[in-house]
Novice: 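Shown below is the structure under consideration.
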Amino acid sequence: MKRWMVTLGAVLFLVVLTACQSDPLAEIEDGRSKAPEGLIYGEVLEINDRDLQVEVEEAVTGYEFEQGDVIKVQTHNIDLSVYESIRTEDYIEIHYNGEAKGESQKQVSAETIIIWEK
């Protein structure tokens with residue numbers, strides 16, 4: 001009986017431990033967990049008509065940007081209040097569809113932007 005209870009306790013502990021772990025790339029969208037196709041960290045260099053010039057610090061998923069690349073980030077799909085709170089020199093996290101367009105300067109269309117404290 002003791003072995004059975006110890007085994008059951010260990011299994012329950014592992015189930016709870018697994019359930020508590022979360023994907024750092026996950027975001028809540030319509031009540032479901034969804035990992036973005038593309039994820040970039042970078043610094044805002046310029047803000048111009050709902051577009052941002054961002055220097056890439058790290059491209060986690062999606063298009064393979066290099067550190068130091070300067071890209072154009074279209075913000076037409078994000079909440080206006082988030083856009084209005086972005087300032088130059090802010091460090092931001094950009095979730096996008098994983099695709100980059102453009103010849104001379106690559107551009108992405110942001111789905112979500114999170115402003116980070118440096």
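Bear in mind the structure is a predicted one, so any value in this text is a computation, not a measurement.
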Novice: According to a hydrophobic-cluster definition based on side-chain heavy atoms being under 4.5 Å apart (Ile, Leu, Val, Met, Phe, Trp, Tyr only), do Tyr91 and Leu39 belong together?
Specialist: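 As far as the 4.5 Å side-chain criterion goes, Leu39 and Tyr91 are connected within one cluster.
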Novice: Could you list the cluster mates of Val70? Members are the ILVMFWY residues connected by side-chain heavy atoms closer than 4.5 Å, either directly or through other members.
Specialist: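 Val70 clusters with Leu45.
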Novice: Please determine whether residues Ile94 and Leu80 belong to a single hydrophobic cluster, defined as Ile, Leu, Val, Met, Phe, Trp and Tyr linked transitively by side-chain heavy-atom distances below 4.5 Å.
Specialist: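 Shared cluster, yes.
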Novice: Show the numbers, then the answer: is there a side-chain contact (heavy atoms from CB on, under 4.5 Å) between Gln67 and Glu58?
Specialist: CA-CA 6 Å; Gln67 183 177 6; Glu58 180 181 8; over 6 Å; no
Novice: List the steps, then state whether side-chain contact (heavy atoms from CB on, under 4.5 Å) holds for Val60 with Ile40.
Specialist: CA-CA 6 Å; Val60 179; Ile40 300 169; over 6 Å; no
Novice: Report the distance from atom NE2 of His95 to atom OG1 of Thr112, rounding to the nearest 0.5 Å.
Specialist: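 Rounded to the nearest 0.5 Å, the NE2-OG1 separation comes to 6.0 Å.
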Novice: List the atom pairs, donor and acceptor, that lie under 3.5 Å between side-chain atoms in residues 102-110 and the rest of the protein, sequence neighbours left out.
Specialist:
unit_1: Gln105; atom_1: NE2; unit_2: Gln53; atom_2: OE1; d: 2.5
unit_1: Lys106; atom_1: NZ; unit_2: Gly102; atom_2: O; d: 3.0
unit_1: Ser109; atom_1: OG; unit_2: Asn77; atom_2: ND2; d: 3.1

Novice: Using the ring-ring contact (aromatic ring centres under 6.0 Å, His included) rule, collect all pairs that involve residues 44-63, keeping only residues at least two apart or in two chains.
Specialist: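 Output for this query lists Tyr63-Phe65.
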Novice: Any link between Tyr41 and Val54 through a network of hydrophobic side chains (Ile, Leu, Val, Met, Phe, Trp, Tyr) touching at under 4.5 Å?
Specialist: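 No.
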Novice: Rounded to the nearest 0.5 Å, what separation is found between the OG1 atom of Thr75 and the CD atom of Glu84?
Specialist: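 It comes to 10.5 Å.
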Novice: Does Ile86 have any side chain to side chain contact (heavy atoms under 4.5 Å, CB included) partners at least two apart in sequence or in another chain, and if so, which?
Specialist: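 Val44, Ile47, Leu52, Asp90, Ile113, Ile115.
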Novice: Give a yes or no on whether the backbone of Arg50 and the side-chain of Tyr83 come within a donor-acceptor separation of less than 3.5 Å.
Specialist: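 A pair under 3.5 Å: yes.
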Novice: Kindly determine whether Glu37 and Tyr96 satisfy side-chain contact (heavy atoms from CB on, under 4.5 Å), including the steps that lead there.
Specialist: CA-CA 6 Å; Glu37 296 286 328; Tyr96 69 106; over 6 Å; no
Novice: Can you pull out every salt bridge (charged side-chain N to carboxylate O under 4.0 Å, His left out) where at least one residue sits in residues 62-80? Sequence neighbours excluded, please.
Specialist: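 Non-adjacent pairs meeting salt bridge (charged side-chain N to carboxylate O under 4.0 Å, His left out): Asp51-Lys72.
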